[in-house]
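None of the values given here were measured: they were computed from a predicted structure. Note that ligands are numbered from 1 as they come in the structure, with each ligand's atoms numbered from 1 the same way.
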Amino acid sequence: MSSVRTPLKSRASLMNISISNEKTPSVGSAKSRSGFTELRRPSTSRMHRSTTPRGSNNGRPSSAAERTQGSGSRPSTPSFLRRQEPYTGSITVSIRPNPYSYNPAHGASWEIDDQNNTITNVTDAALLNFDNVFAPDPRLTNREVYQRACYNTVEQCIHEGFNGTIFAYGMTGSGKTFSMRGDQKDPGIVKLAIDDIFQFIDSSKPSKQVSLTLSYIEIYNERIVDLLHSDSNAAELRIRDDPVYGTRVTGVLSPTIHSKEEMMQYIRQGDNIRKTRATDFNSRSSRSHSILQIRINTIDIEQNTEQNSTLSLCDLAGSEKATSSVERRKEGAYINKSLLALSNVINKLSLASNLASPSGNTEHIPYRDSKLTRLLQPALSGSSLISIVCTIHLGSFNMTNANQSCIPETYNTLRFAARAKDIVISVKRNKKVSLGDNEITKVMEDMKKLIESQKREIISLRSGSDHSDPEMTASVDELRARIASLSAENRLLYEKLEHLTRLNDLQRTETIMLRNDSINDILGSGLDSKASQIMIANLEDFYKRVNHELEEHKAYISRLEDQLRNDHRGMLLRADDQKENQRKVSDYSIEAVLKDQEEEILHLKELLNDKDHIIKNLTRTTKLRKLIDDNSLSWDPSVKLNEPKNIL
Ligand SMILES: Nc1ncnc2c1ncn2[C@@H]1O[C@H](COP(=O)(O)OP(=O)(O)OP(=O)(O)O)[C@@H](O)[C@H]1O
């Protein structure tokens with residue numbers, strides 16, 4: 001182990017980055033192929049907050065080599081990520097050098113070992129480990145970078161309901177846009193992620209309904225521009241807090257997307273608006289941060305679940321030293337300021353993750369210092385899996401001045417990357433389970449079909465009774481047989497309704513039992529008493545309403561049942577009367593019987609509506625229950641509990 005001599009080294013030492021002249025061991029079985037290192041497993045208790053202390057390498061690998069991923073093939077989702085929630089681990093950080101700023105003949109300031117995913121400062125031998133360190137090889141494709149660095153984040157977002165954020169960070173001309181957008185021959189991360197999303201949509205039909213919306217914005221000179229808006233100079237967009245997404249840009253366009261072609265068309269349209277200029281390092285430099293967000297809503301019809309997730313793909317503007325152009329200096333100042341704000345946030349989060357305090361760090365994180373950090377706030381504060389691709393120049397590289405050094409910028413990027421790697425995130429997926437149980441839905445469908453068939457029967461009976469030829473008119477016996485069969489069907493309906501009622505009662509009992517457990521758990525989980533009281537008051541209020549409504553519906557169902565029984569008896573009596581007076585049977589009596597039937601069917605329909613209503617209420621209850629679970633796992637006393645009707 002060499003001694004600590006350079007600022008980078010001392011920082012690296014602070015961040016548990018191994019500093020060694022020896023090569024780190026190759027990736028072993030203990031490492032996550034996803035790059036998301038599991039640090040601790042959450043408590044199995046439904047309502048208890050995870051209390052594993054952070055920092056001090058608590059259960060986390062001491063060497064960053066242990067948290068690398070090395071597979072070049074498409075990895076499958078690690079089983080722990082499928083089962084465990086919330087996911088607690090680190091950010092995936094990858095380093096990609098621009099192959100064209102590296103000339104082996106001139107040597108480089110940094111030495112890459114892409115087998116062990118390390119990068120070494122040749123001057124002082126400071127060695128840094130990351131999830132991926134790619135070779136400065138022009139043959140390295142974006143697809144390989146995507147598969148190793150980003151695929152798992154995208155896959156978790158599509159399949160498991162986690163939010164995913166991927167961003168490219170690095171100095172100007174280092175290859176951020178190339179990595180994110182690529183070209184015709186070598187599509188970038190954005191296109192590859194979109195391919196995977198649409199592959200998922202195709203393969204999940206017909207059991208899943210997936211809907212997508214897209215938004216595409218840029219932050220240019222600290223101003224948010226909607227890249228999907230034809231007038232990019234339209235009114236300035238503002239960032240607001242949002243209870244669902246953390247933050248949201250008001251007024252931004254987010255069209256629903258129906259095909260991959262449509263999505264790519266929107267993105268191309270946005271790219272044409274995005275601000276690009278020439279810098280000393282890049283003839284077509286992005287002078288803005290771009291953020292593309294794809295919201296994915298998946299309804300699993302078979303499982304009866306709904307899942308929402310957001311994939312954010314960000315191509316940040318590159319930092320650049322002062323230039324001669326006034327406008328570019330202004331742009332550069334804004335870019336550097338926002339990147340500095342991002343660095344500060346990453347720095348504070350990294351320090352917070354290293355604190356040994358079990359309660360975590362309470363230090364203020366300055367998300368509001370720039371629009372970029374404000375927009376990335378939800379992701380950085382734990383609502384998203386994150387993968388960062390840091391692009392660097394290995395040697396000196398300059399379009400106008402071949403001697404201008406990139407070393408300080410590369411150093412800064414690596415320092416940023418090392419700090420980001422040190423951040424511990426705890427991410428929950430956005431899976432929502434809707435209650436409408438399969439059996440209930442199926443029975444309801446059956447009932448609807450029965451009602452429809454009875455309706456058709458009545459129509460055909462009526463057209464038969466209209467027949468003028470008495471020989472052709474159905475005999476009373478036949479009519480009785482039909483009525484008896486209709487009644488039997490009605491009985492079937494009632495049995496099913498009773499079954500539904502029992503199911504609902506059962507659900508309600510379970511819910512009430514859970515309610516008590518939940519409240520106990522909440523009270524036991526150390527919420528401040530005022531927050532607990534508000535939460536309990538809301539819960540009690542809500543349950544009282546639901547109970548009251550259920551009682552009303554039960555009474556109504558039993559009234560309908562009585563009525564139907566009476567109607568049925570009356571119907572049989574009428575039929576007996578009709579037999580005695582066969583010749584006197586009149587269209588009027590047939591009509592009356594049919595009318596009764598129709599009325600019964602109307603009652604049944606009403607009953608169905610009421611059932612829908614009850615199920616809706618039960619769904620709300622379950623969502624609320626989920627909310628209690630969520631609130632108990634990540635309770636923030638500063639966040640006021642929403643009214644149940646607002647949440648649901
Ligand atoms: N890995 C790579 N393979 C091939 N070409 C690359 C690679 N990285 C960068 N380039 C090329 O280098 C040039 C600059 O790359 P790019 O525009 O992606 O940089 P950038 O980091 O987005 O810069 P800026 O911040 O100024 O927008 C482009 O011509 C790009 O094609």
Side-chain angles (χ1 to χ4, degrees), residues 94-103 108 110 112 114 119 132-150 166-192 218-221 227 270-292 313-323 325 327-329 331-340 342-343 372 388-400 402 404 406 409-410 412-414 416-417:
S94 308
I95 309 296
R96 183 183 199 185
N98 182 330
Y100 299 110
S101 60
Y102 170 66
N103 184 342
W110 303 89
I112 297 260
D114 62 328
I119 179 163
N132 300 287
V133 177
F134 296 102
D137 185 344
R139 289 166 306 177
L140 177 81
T141 59
N142 282 323
R143 186 174 292 280
E144 188 170 348
V145 172
Y146 171 77
Q147 285 181 349
R148 286 176 55 188
C150 313
I166 297 172
F167 63 89
Y169 179 99
M171 83 172 278
T172 177
S174 56
K176 296 181 296 300
T177 306
F178 180 80
S179 301
M180 293 305 288
R181 302 308 320 283
D183 53 29
Q184 198 76 23
K185 229 172 69 205
D186 186 11
I189 291 164
V190 170
K191 171 72 169 49
L192 296 170
E218 71 172 350
I219 307 171
Y220 177 67
N221 289 356
L227 292 176
D271 286 342
N272 290 337
I273 298 175
R274 194 178 170 195
K275 309 286 180 302
T276 53
R277 308 266 194 283
T279 65
D280 288 349
F281 295 84
N282 188 357
S283 56
R284 201 167 185 282
S285 171
S286 313
R287 305 322 289 149
S288 67
H289 309 300
S290 79
I291 302 176
L292 183 86
L313 303 165
C314 319
D315 179 8
L316 303 186
S319 56
E320 191 198 4
K321 292 207 193 92
T323 71
S325 149
E327 192 183 356
R328 288 260 322 290
R329 262 214 304 274
E331 280 171 357
Y334 277 118
I335 292 169
N336 291 343
K337 190 175 160 249
S338 60
L339 290 175
L340 182 68
L342 180 62
S343 281
L372 176 65
I388 306 178
V389 178
C390 289
T391 52
I392 54 170
H393 291 297
L394 275 181
S396 297
F397 178 73
N398 191 323
M399 289 194 337
T400 53
Q404 193 174 326
C406 300
E409 294 292 345
T410 299
N412 281 340
T413 303
L414 291 174
F416 174 90

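With a 4.0 Å cut-off on non-hydrogen atoms, M171 touches ligand 1 through its backbone and not its side chain. Using a 4.0 Å cut-off between heavy atoms, P99 contacts ligand 1 through its side chain alone, with no backbone atom that close.
Closest approach of S179 and N142 over heavy atoms only: CA-OD1, 3.5 Å.
Numbered from 1 in the order shown, with element, the atoms of ligand 1 that lie under 4.0 Å from a heavy atom of R96 read 1 (N). Each of the following atoms of ligand 1 lies closer than 4.0 Å to a heavy atom of T177: 18 (O), 20 (P), 22 (O), 27 (O). Ligand 1 places these atoms under 4.0 Å from at least one heavy atom of G318: 25 (O).
Using a distance-only test at 3.5 Å, with no hydrogens or angles considered, no donor-acceptor pair links the side chain of N132 to the main chain of F134. Formation of a donor-acceptor pair under 3.5 Å by the K176 side chain with backbone atoms of Y169 is not found in this model. For H393 (side chain) and T172 (main-chain N/O), a donor-acceptor pair under 3.5 Å exists by modelled atom type.
Note: no N/O pair closer than 3.5 Å links S179 and ligand 1 by distance alone. The distance criterion of under 3.5 Å between nitrogen or oxygen atoms is not met by T391 with respect to ligand 1. Geometrically, ligand 1 and A317 share no nitrogen or oxygen pair separated by less than 3.5 Å. The shortest N or O to N or O distance between F178 and ligand 1 is below 3.5 Å.
Between I95 atom CD1 and D114 atom CG the span is 13.0 Å, to the nearest 0.5 Å.
Using modelled atom types and a 3.5 Å distance limit, the side chains of D315 and T177 yield a donor-acceptor pair.
The pair R139-D137 counts as a salt bridge, with a side-chain nitrogen and a carboxylate oxygen less than 4.0 angstrom apart.
The closest approach between a heavy atom of S174 and any atom of ligand 1 is below 4.0 Å.
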